[in-house]
> 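Starting off with a structure, shown below.
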There are 2 protein chains.
Amino acid sequence: MTSDARPASVEDTAPVGFQEHDHQTCVETALTSVEAQCSAEGLRLTPVRRKVLEMLLQEHRALGAYAILDQLRAEGFGSQPPVAYRALEFLVQNGFVHKIERLNAFVACSHPGQSHSPAFMICRKCDAVAEAQSSPAKGALGAAARAAGFEIERTVVEAEGLCPDCTEKA
Amino acid sequence: MTSDARPASVEDTAPVGFQEHDHQTCVETALTSVEAQCSAEGLRLTPVRRKVLEMLLQEHRALGAYAILDQLRAEGFGSQPPVAYRALEFLVQNGFVHKIERLNAFVACSHPGQSHSPAFMICRKCDAVAEAQSSPAKGALGAAARAAGFEIERTVVEAEGLCPDCTEKA
DNA sequence: ACTTGTCATGTTATTTCATATCATGTATTG
DNA sequence: CAATACATGATATGAAATAACATGACAAGT
């Protein structure tokens with residue numbers, strides 16, 4: 001689970017997530033980027049927070065708060081729900097992690113740093129999650145909102161379906 | 001709560017939800033439409049199911065399963081969670097009610113009958129919910145999905161923000 | 001009429017997700 | 001080094017959702 005060195009020949013195009021890739025590098029890059037952003041903005045990436053982020057980056061799929069909590073416990077951190085939820089709150093607020101509403105679960109952000117309104121593709125079979133960009137406010141929804149006088153502040157876009165792997169197997 | 005006859009002069013354009021409207025008529029129309037569809041398709045709109053649908057139509061905003069359950073209890077129906085969840089499951093499966101993932105709550109469909117992939121505008125202040133159309137699969141997300149080989153089956157689109165009323169008050 | 005099958009409902013118990021609250025600790029920073 | 005912000009720990013509870021099993025209602029087949 002910790003060292004799965006892969007060819008890494010397929011270098012990613014936009015939607016990171018389902019393709020094979022050099023995962024170790026992917027994790028390290030993301031972590032570095034987050035660290036940079038934190039020190040730049042005076043955010044405190046404390047041990048618990050860092051650990052949670054690492055876990056999510058490592059897994060590369062959505063984890064529930066209690067799954068996270070179990071791992072925290074195993075590593076000697078506090079083992080009560082608020083420990084996990086607080087770390088997640090920090091990470092979500094700062095855009096390092098996203099919550100997948102459909103699953104009541106969390107994934108590490110694939111494009112940390114870049115401001116974005118993310119969209120997700122969630123495999124209903126294997127629970128893999130890939131992050132893409134979306135601008136729903138620009139399409140039909142935006143028009144409807146303007147017509148209705150609704151001020152969009154944030155959007156949740158989640159597509160459920162089958163990932164490439166699971167499609168093949170079926 | 002039961003009889004709030006309003007001018008009904010503002011006849012709706014696309015996104016039903018925030019505008020004032022003749023609510024009683026709105027409820028009755030929807031109910032009739034659902035009844036028609038049920039008898040056409042041999043679906044059984046039983047008392048519990050009908051009651052839940054009525055409640056949601058009447059409220060015109062998202063209600064949690066337990067709020068629904070409370071009302072069911074008050075009306076003499078079963079009072080355990082599965083009672084509400086089963087009715088909701090039926091209503092959701094047949095497109096008469098939608099689940100708002102962001103709120104873990106449910107709203108009556110504003111366009112019953114018409115097939116649609118709904119999008120929602122949710123006021124973070126008063127919890128009002130308006131339904132609009134969306135075709136996220138046609139925009140950036142669709143492109144990303146095709147690129148990644150992901151088969152979209154269903155999408156959740158929920159915009160959070162301020163409804164016209166709450167915007168004014170602020 | 002009686003049996004069988006199907007679908008809906010009722011009930012109990014449990015699991016999973018989430019937060020309020022209060023006490024304690026640990027860093028800045030003034 | 002005190003003040004104060006922020007982070008964590010721990011207890012308790014609330015809220016959402018489902019598993020599992022029993023009962024009831026009704027239509028179809030014999």
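The sequence lines fix the lettering, A, B, ..., with proteins before strands; numbering per chain opens at 1. Just the heavy atoms: all of them, side chains too, but no hydrogens, waters or symmetry mates, feed the values below. All values derive from a computational prediction rather than experimental measurement.
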> Can you pull every protein N or O that's under 3.5 Å from an N or O on nucleotides 5-7 of chain D?
from	atom 1	to	atom 2	distance (Å)
D:dA7	OP1	A:Arg49	NH1	3.2
D:dA7	O5'	A:Arg49	NH2	3.3

> Reading nucleotides 18-24 of chain D from the 5' end, what letters show protein touch, with B for base, S for backbone sugar-phosphate only, - for no heavy atom under 4.0 Å?
BB-----
> Would you say a side-chain N or O of A:Lys99 is under 4.0 Å from OP1 or OP2 of C:dA18?
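Answer is yes, contact under 4.0 Å.
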> When rounded to the nearest 0.5 angstrom, what is the spacing between CZ in B:Arg61 and SG in B:Cys163?
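Here the interatomic distance stands at 12.5 Å.
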> Should the pair B:Glu160-A:Arg154 be classified as a salt bridge under the 4.0 Å nitrogen-to-oxygen rule?
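A:Arg154 and B:Glu160: salt-bridged.
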> Check whether B:Leu103 and A:Tyr85 end up in the same hydrophobic cluster, where Ile, Leu, Val, Met, Phe, Trp and Tyr are linked by side-chain heavy atoms less than 4.5 Å apart.
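Different clusters: B:Leu103 never reaches A:Tyr85 through Ile, Leu, Val, Met, Phe, Trp or Tyr contacts under 4.5 Å.
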> In whole Å, I'd like the distance from the CG atom of A:Leu88 to the P atom of D:dT8.
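Distance, rounded to whole Å: 12 Å.
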> Once you round it to whole Å, what is the distance between C1' of D:dA17 and CG of B:Leu103?
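To the nearest whole Å, that distance equals 16 Å.
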> Can you check whether B:Asn104 has a side-chain N or O nearer than 4.0 Å to OP1 or OP2 of C:dC17?
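No, no such contact exists.
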> Over how many whole Å does the gap from B:Ile68 atom CD1 to C:dT9 atom P extend?
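Rounded to whole Å, this separation is 15 Å.
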> Could B:Glu101 and A:Arg102 be called an ion pair, given the rule that one side-chain N must be under 4.0 Å from one carboxylate O?
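Between A:Arg102 and B:Glu101 there is a salt bridge, with a charged N closer than 4.0 Å to a carboxylate O.
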> On DNA chain C, check which nucleotide each of A:Gly64 and B:Gln80 is closest to and give me the residue with the more 5' one.
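On the 5' side of the pair lies B:Gln80.
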> Fit a plane to each ring of A:Phe150 and B:Phe18, take the angle between them on a 0 to 90° scale, and name the class: parallel (under 30°), tilted (30 to 60°) or perpendicular (over 60°).
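Parallel: the ring planes of A:Phe150 and B:Phe18 meet at under 30°.
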> Could you state the atom-to-atom distance from CG of A:Leu69 to P of C:dC17 in whole Å?
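In whole Å, C:dC17 P lies 11 Å from A:Leu69 CG.
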> Given B:Phe120 and B:His98, is the ring-ring contact (aromatic ring centres under 6.0 Å, His included) satisfied, shown in steps?
CA-CA 10 Å; B:Phe120 300 96; B:His98 299 297; 5.4 Å; yes
> What distance do B:Leu43 atom CG and B:Gln93 atom CD have between them, rounded to the nearest 0.5 Å?
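It is 10.0 Å, given to the nearest 0.5 Å.
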> Tell me the interatomic distance from A:Arg73, atom CZ, to D:dA10, atom C1', rounded to whole angstroms.
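Rounding to the nearest Å, CZ of A:Arg73 and C1' of D:dA10 are 13 Å apart.
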> To the nearest Å, how far apart are B:Glu101 CD and C:dA18 P?
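Those two atoms, CD and P, are 12 Å apart.
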> Given side chains that start at C-beta, do those of B:Val34 and B:Leu91 come closer than 4.5 Å, heavy atoms only?
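B:Val34 does not reach B:Leu91 side chain to side chain.
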> With rounding to the nearest 0.5 angstrom, report the CD to NE2 distance, A:Gln24 to A:His21.
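The distance works out to 10.0 Å.
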> Quick one: B:Asn94 CG to C:dA8 P, roughly how many Å, whole number?
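Taking atom P of C:dA8 as the reference, CG of B:Asn94 is at 10 Å.
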